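What follows is a set of notes on a single structure, which appears directly below.
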Amino acid sequence: MSGCKDCSGCDLLHPPVDTKAEYVVALAGNANVGKSATFNQLTGVDQDIGNWPGKTVERAEALLQHRGRRIRVIDLPGIYSINALSTEEQVSREFIAHDHPDVVVNVLDASALERNLFFTLQLTELESPLVIALNQADLAAKKGIVLDAGKLSALIGVPVIPTVAIQGKGIAELSDAIIHATCSRPRPKIIRYGKEVEDRIARIQALLPGGSGGYPARWTAIKLLEGDPDTVWDVRQHSPGVAAAALESGRELEKIHGEPAATVMSAERYHAAEELAASVMEIRPPGDNEVSLTEKVDRIALHPVLGYLLLAATISGLLVWTFVIGAWISGVLTEFLSAIAPVEPLITGTLPEIIFNGAWTGFVAALTLIVPYVIPFYLVLALIEDSGFLTRFSLMLDKGMHRMGLHGKAIIPLVLGFGCTVPACLSCRIIESPKQKLIAAFLVTLIPCSARTIVILGVVAVFVNIWWALFLYLLVFVLIVVLGRLAFRLLPGESVGMIMEMPDYHVPHVKGVLGQTWQRTRSLIGIVLPAYIIGSIVITGAYAAGLLEPINAALYPVTVILLGLPAMTGVVFIFGIIRKEMTILALAAILGTTVFSDVLTPIQIIVFGLVTLLYAPCISTILALAKDFGWKAALSITALETSLAVALGALLFHLIGPFL
Amino acid sequence: MASEQLEEYLESILDIEEKHGIARTSAIAKCVKVAPASVTEALQVLSDKGFVKYEPYKGATLTERGREMARKVKRRHRLLEVFLTDVLHITRDNVHDEACKMEHTLSDETECALCKLLNAPARCPHGSLIEACNRKVESCSACLDEGQALPASTRKEPLLPVTSLAPGQKGTIAFIRGDNGVVQRLTDLGLTLKTEVQLVRKAPLLGPVEIAVRKTKLAIDHAIADHIFVTPCGEKCK
């Protein structure tokens, strides 16, 4: 920790009296460098996951308690540069410059040092106190790269701590370094670029010694030179002459290199990063033409035929696993929970009875859905994700996704949608362009989630046959493609192509997989559990108060005339908006039997299944959509899907009904 | 048969062939908008002239000569589309039909001048790749530099989009074409000029390509990767 040399006033073992003081630390770094693993190791599982204000970019925050200090750690999005090209970059840049974190921890991937240092150089320009975590040193060693952390620390002028975050190695040292840095505030050295660039930076800096918009002077000068729109606009407000002079300097650079100034600067930074990397890195020649494990696996996973087979096998395996294991656990759980108190959605009695019954039914339903179906699903998905396979699937599906205006990365929300729609909608944040984000979220709401799958399996497959159940599934997939294409054409905005890093495969790490599973489950519980409980109370109450009969009457034209279903299904569909799988329960309660084929004709069962699959997303999903895309989008999607469900249901009933 | 008509047929056959392997008479009829009977007749003529191989009831495939001709017209067509959209600001919906009429009368000289004027565009307004011309120049810049005050460094080596490298082949980045946003995104990921890259593999059906650069691997959309031009490595690369 060379950054501590000059600091004598800080004593880490004897913290100052004011132990309540909270420090703020920001974690910054490229994607796939183990930043989240470092975050998890530093803070444990108790994390606050939300959005950056007004942005659909995930913000994770948690508390690090170390040596009596309380430190708030903010995990910035994984980015490769600090321009303002993407929302993620904007969020990071503004947070570092305006919220003044006490320390910025830059997590580096030791095995790809050049590219990581390119980002570090930009952080040094923001002049925040900096600590570097040199992560994945073990991976680097495997690739024959040996790094001198001490030398890197000396060159940049800040502490450099080697870590292997997924194994927890170096985390204690990193925590110490962070605490120390809150006091010693190690400022990074200025890394100089080539003369033609430095001359121009100096010239602009002389004109604007105080910087602008809360950014340091050198950063402001560099950004002006690059022609960064935000900085130029900001400087123009108070010193238009400087902005003009700076743009002129930028144009000179463009003339010399025949490239935009920003690109010239990136090349300069990469050049500096190369030099830094070369001076701290020793590369041992790799073994004689040994093909890496990643390359061997990729030969199968990315093979034009085998790759798709693997993909199909993995996804269907995932679903089969979910529903086989899920049905079993669900059975055990339901039996156990009904032993405590009976589960009966429709009951009348005193008000407390009604409220208790509604809450209990909602709670049991949430528990028997989330625990058995969703958790095993997330667990295996996290394994597929953590090992590196999901990135390969993204690559293989990229071209197909283009047809829907999406790209390969959208596979993550779409697959998540088979579990529960809520976290799947929230995970659309990983997609860059707003248009693609919205298309992905829209399509995710159409993917049959585990609740809807239970309805299709439990009603259509059991009482008609499995082929009709599969047909309905297929129909939904066709609809997803068609609607995706339409949305792509009709929605404004642009679709950007995929540029994605391909990390090496590795054996999934238990803590990472469990952490990922827990985070998704938690975001689900946060929305679904309250919606289930409150929704169930409201519905039970409404039933007890006799308010549901008028609903049946009001929906009569739709349910009976258009869809050919019994009038009482009106209420069932209202129940289903609370929770999709509740339609089975409600249907059984209202019809007074669980053998649906006794009271419903096959076509009625099929139409019922189809409508349940497609109509309005459940209330939890509507809330999630409203949270990320606003009420207008959430309600438009709801209205669109409901009319689609009714239209297709009516079509099916009137066209195919007579032949069944 | 008029040469215009002949060229239209060749273009259509090229399009259909790329999609389906062999161009069936019915498909050609639909594409050129004439009756299938006239297509049969035209194919006979084209076959006699040595532009296509025609097998009755099966369809037609282009001969080497026919393919060369078709590509040339296609290139002109797409260049014209860019010109009509970018320079004359004609609505994108109309440029296809306009270009269809103009492409047959364009001379080699005009084609070259158009390409220079438009700065050797990569794609037509509808997104299809514009092929390189068959002129004996080493690269686009050799052509663009002529008589212009562009950077003096003329390229000696041939340029290829990185997507044209063979899997495992290396090259150094010579230039990245495209709007500043794309160039910046790629540059930020380490794809700077003169950097050595290796094409690891191409996904099937023009899917993304995997590129190794600075000890990392990137999967890049095929259309974006088409903009990354490299000098393929001979023995010079490490």
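Quick caveat: nothing in here was measured; it's all calculated off a predicted structure. Convention: sequence-line order gives letters A, B, ...; per-chain numbering from 1.
Neither the backbone nor the side chain of Asn30(A) has a heavy atom closer than 4.5 Å to any heavy atom of chain B. For a residue to count as touching a neighbouring chain, one of its non-hydrogen atoms must lie under 4.5 Å from one of that chain's; by this rule Gln122(A) does not touch chain B. Residue contact with chain B, scored on non-hydrogen atoms closer than 4.5 Å, involves the side chain of Phe118(A) exclusively. Looking at Ile145(A), the atoms closer than 4.5 Å to chain B (heavy atoms on both sides) all sit in the side chain, from C-beta outward. Residue Val213(B): no heavy atom, backbone or side chain, is found under 4.5 Å from chain A. Both the backbone and the side chain of Ala219(B) come within less than 4.5 Å of a heavy atom of chain A. Only the side chain of Thr294(A) comes within less than 4.5 Å of a heavy atom in chain B; its backbone stays farther off. With a 4.5 angstrom heavy-atom cutoff, His402(A) touches chain B only via side-chain atoms.
Contact tally against chain A (heavy-atom pairs below 4.5 Å) for Thr195(B), Thr192(B), Val200(B): the top residue is Thr192(B).
For Arg93(A) and Asp228(A), the salt-bridge test passes: some basic side-chain N is under 4.0 Å from an acidic carboxylate O. A salt bridge links Arg214(B) with Glu274(A); the closest basic N to acidic carboxylate O contact falls under 4.0 Å.
Note on ring orientation: taking the six-membered ring where Trp is involved, the planes of Phe389(A) and Tyr505(A) are tilted (angle from 30° to 60°).
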